[in-house]
Amino acid sequence: MHDIKYIRAHAEEFEQKLKRRGEDVNVEELINLDTHKREIIQNIDRMRERRNAASKETGVRKKSGQNIDELRSEVLEIGAKLKEAESNLRELDERINNWLLPLPNIPSDQTPEGLTEKDNEFIRDWGEPPEFDFELLDHLAIGERLDILDFKRGSNITGSGFPVWSGAGAGLERALINFMLDLHTNEYGYREMMTPFLANRNSMEGTGQIPKLEYDMYRIDKDDLFLLPTSEVTLVNLHRGEIIPETDLPIKYVAYSPCFRREAGAYGRTTRGFLRTHQFNKVELVRFEKPENSYQVLDELLGNAEEVLRKLDLHYRVVKLCAGELPFAAAVCYDIEVWAPADGGRWLEVSSCSNTEAFQARRANIRYRPVDGSKPQFVNILNGSGLATSRLMVALLETYQTQEGSLIVPPVLRSYMGGKTLVTA
RNA sequence: GGAGGAUUAGCCUAAUUGGUAAGGCAGCGGUCUUGAAAACCGCCGGGUUUACACCCUUGGGGGUUCGAGUCCCUCAUCCUCCGCCA
């Protein structure tokens with residue numbers, strides 16, 4: 001959500017900044033609505049002032065036995081006018097809200113110009129693409145050969161895009177999740193949370209999934225609840241409506257959750273196998289920070305996510321997304337892409353690390369009270385995957401395959417796999 | 001699912017038969033002090049306004065009334081008990 005005062009004072013600048021991400025808006029109508037709204041508020045306040053005074057006077061006169069008929073009829077008349085004005089105000093409020101809620105965050109000045117993937121800025125890469133002297137299998141072929149991955153039965157029980165991990169595959173998935181949770185809690189001081197996997201409408205609006213992405217989510221109609229597309233939703237909404245003492249900041253959360261995305265209509269090469277599924281597992285990082293720290297913290301968060309890949313010894317790169325590619329709530333976003341060597345090799349997105357600045361905080365009304373007692377300020381909220389397992393598993397299977405068709409268990413995962421070093425057919 | 005009770009500002013607690021939210025703690029600023037504590041003064045939810053001032057805020061939303069923390073309806077959350085249940 002945007003600060004209407006900021007828009008009022010910097011209308012042109014606001015439009016320009018949204019234009020950077022391909023959003024064409026004209027805020028003139030919004031500003032007119034806002035001006036009108038403030039007029040109505042002042043009008044309502046004056047009527048209420050008179051009504052309050054008259055009712056008070058009624059009480060006094062009644063006590064002393066004087067006639068109150070005239071006052072009573074005046075208050076009744078004001079009441080009728082008020083009712084109308086209040087209804088106008090509600091309608092205006094709703095229109096302003098409908099205007100603001102679908103608008104994405106404005107890009108930070110440091111976000112690169114551009115609208116498509118090719119405008120993303122390369123930041124760094126790590127490691128080297130692994131070399132092989134045999135014909136590589138892709139992750140689907142490896143999964144089938146080792147009998148650890150079953151797409152067909154998954155679609156039997158739910159539908160396409162719902163994979164089933166089997167045997168050592170399920171073990172590997174669980175090992176990855178545990179490894180990542182341990183890393184972020186023990187080494188980086190995040191507090192582990194186990195949250196519900198469903199969230200209500202207010203929560204979804206708070207983090208920005210609603211209204212724009214409502215139909216990309218699975219919904220439980222009867223209770224108006226949504227399956228999480230990411231545990232960012234629950235971690236951020238833990239503090240919805242709160243004023244946090246400054247001394248409690250920063251707050252650093254990590255959570256595992258399955259993530260559910262309908263991604264309606266997305267089929268083709270990029271959806272093959274694990275590249276895009278309707279359900280996947282993810283370990284998510286969320287941080288609540290003071291504004292002056294948030295960009296330094298974004299670098300830190302990104303580093304925390306990268307460390308997962310370094311410990312797994314997987315080749316990866318970091319790109320900074322251009323304005324047009326930013327997630328809805330982000331002002332700046334880095335993607336981490338891991339190298340999957342089969343099929344000639346391709347980069348797969350395994351993490352997005354964003355600074356939403358005050359955008360989510362304003363939507364979810366999360367503030368902090370400065371120790372000096374000054375007015376509550378919106379916190380800055382950052383989130384990052386650390387990491388999503390499905391595409392990570394693609395890179396892992398393809399990178400750690402052997403000529404014999406078995407799979408080497410990455411050293412950091414062995415303690416989570418009962419010491420197993422090799423998965424064989 | 002059923003019955004009863006509860007919800008007042010960051011926290012805690014008041015408010016005669018309906019008369020327009022009283023205090024305390026914590027925090028911040030100041031006076032005093034070598035410094036601190038204590039004491040005293042001020043600030044300490046949100047909105048409109050250059051300002052003065054005014055308005056709103058007793059979990060949310062409605063209703064009755066000249067007037068609602070108080071009465072009625074409804075929803076949410078919490079507590080106690082009953083039922084069901086992994």
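Chain letters run A, B, ... following the sequence lines, proteins first and then strands; every chain starts at 1.
- Between the side chain of A/Arg21 and the backbone N or O of A/Asn105, at least one donor-acceptor pair lies under 3.5 Å.
- Separating the CG atom of A/Asp248 from the P atom of B/rG27 is a distance of 14 Å, rounded to the nearest angstrom.
- Distance A/Lys56 NZ to B/rU65 C1': 18 Å, rounded to the nearest Å.
- Panel note: side chain A/Arg145, backbone A/Ala425; no donor-acceptor pair is recorded below 3.5 Å.
- For A/Lys83 and A/Ser55, each mapped to the nucleotide of RNA chain B holding its nearest heavy atom, the one lying further toward the 5' end belongs to A/Ser55.
- In this structure, A/Phe162 and A/His278 have tilted ring planes: the angle between them lies in the 30° to 60° band.
- For A/Leu89 and B/rG61, the CG to C1' distance is 16 Å, given to the nearest whole Å.
- Aromatic ring pairs are classed by plane angle as parallel below 30°, tilted from 30° to 60° and perpendicular above 60°; the pair A/Tyr188 and A/Tyr190 is perpendicular.
- One P atom belongs to B/rG67, the other to B/rC55, and the distance between them is 16 Å to the nearest Å.
- The environment of A/Arg38 atom CZ is dense: over 12 non-hydrogen atoms of other residues, nucleotides or ligands sit within 6.0 angstrom.
- Note: CD (A/Glu242) to P (B/rU77) measures 17 Å, nearest angstrom.
- Rounded to the nearest Å, the gap between the P atom of B/rC85 and that of B/rU13 is 39 Å.
- Straight-line distance between the C1' atoms of B/rU48 and B/rU57: roughly 15 Å, to the nearest whole Å.
- Note: CG (A/Leu76) to P (B/rC66) measures 5 Å, nearest angstrom.
- The CG-P distance, from A/Asp93 to B/rG61, rounds to 12 Å in whole Å.
- Contact between A/Thr234 and A/Pro196 at its shortest, heavy atoms only, is CG2-O, 3.5 Å.
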### A/Phe14/A/His10 under ring pair (Phe, Tyr, Trp, His ring centres under 6.0 Å): CA gap, chis, key distance, verdict
CA-CA 6 Å; A/Phe14 180 75; A/His10 308 89; 9.8 Å; no

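- Here, B/rC28 and B/rA36 have their P atoms 13 Å apart, quoted to the whole Å.
- The nearest whole Å value for the distance from the CD atom in A/Gln66 to the C1' atom in B/rC66 is 15 Å.
- B/rU58 and B/rA9 are spaced 10 Å apart, taking the P atom of each and rounding to whole Å.
- For the pair A/Ser354 (side chain) and A/Asn383 (backbone), a donor-acceptor distance under 3.5 Å is absent.
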### Message
Dot-bracket for RNA chain B, please. Rules: Watson-Crick or G-U, both distances under 3.5 Å, ( ) within the strand, [ ] when a pair crosses earlier ones, | for another strand, . otherwise.
### Response
(((((((..(((......[...))).(((((.......))))).((((....))))..(((((..]....))))))))))))....

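- B/rU31 and B/rA37 are spaced 15 Å apart, taking the C1' atom of each and rounding to whole Å.
- In terms of modelled atom types and a separation under 3.5 Å, the side chain of A/Arg61 and the main chain of A/Gln66 share no donor-acceptor contact.
- A/Pro410 and A/Leu312 get closest at one heavy-atom pair: CB-CD2, 4.1 Å.
- The P atoms of B/rG46 and B/rG10 are separated by 8 Å, rounded to the nearest whole Å.
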## Note on the structure
For nucleotides 45-60 of chain B, 5' to 3', base contacts (B), sugar-phosphate-only contacts (S) and non-contacts (-) with protein non-hydrogen atoms under 4.0 Å give -SBSS----SSS----

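- Look at the C1' atom in both B/rA76 and B/rG59: the space between them is 8 Å, to the nearest Å.
- The CG atom of A/Leu82 sits 15 Å away from the C1' atom of B/rU65 (whole-angstrom rounding).
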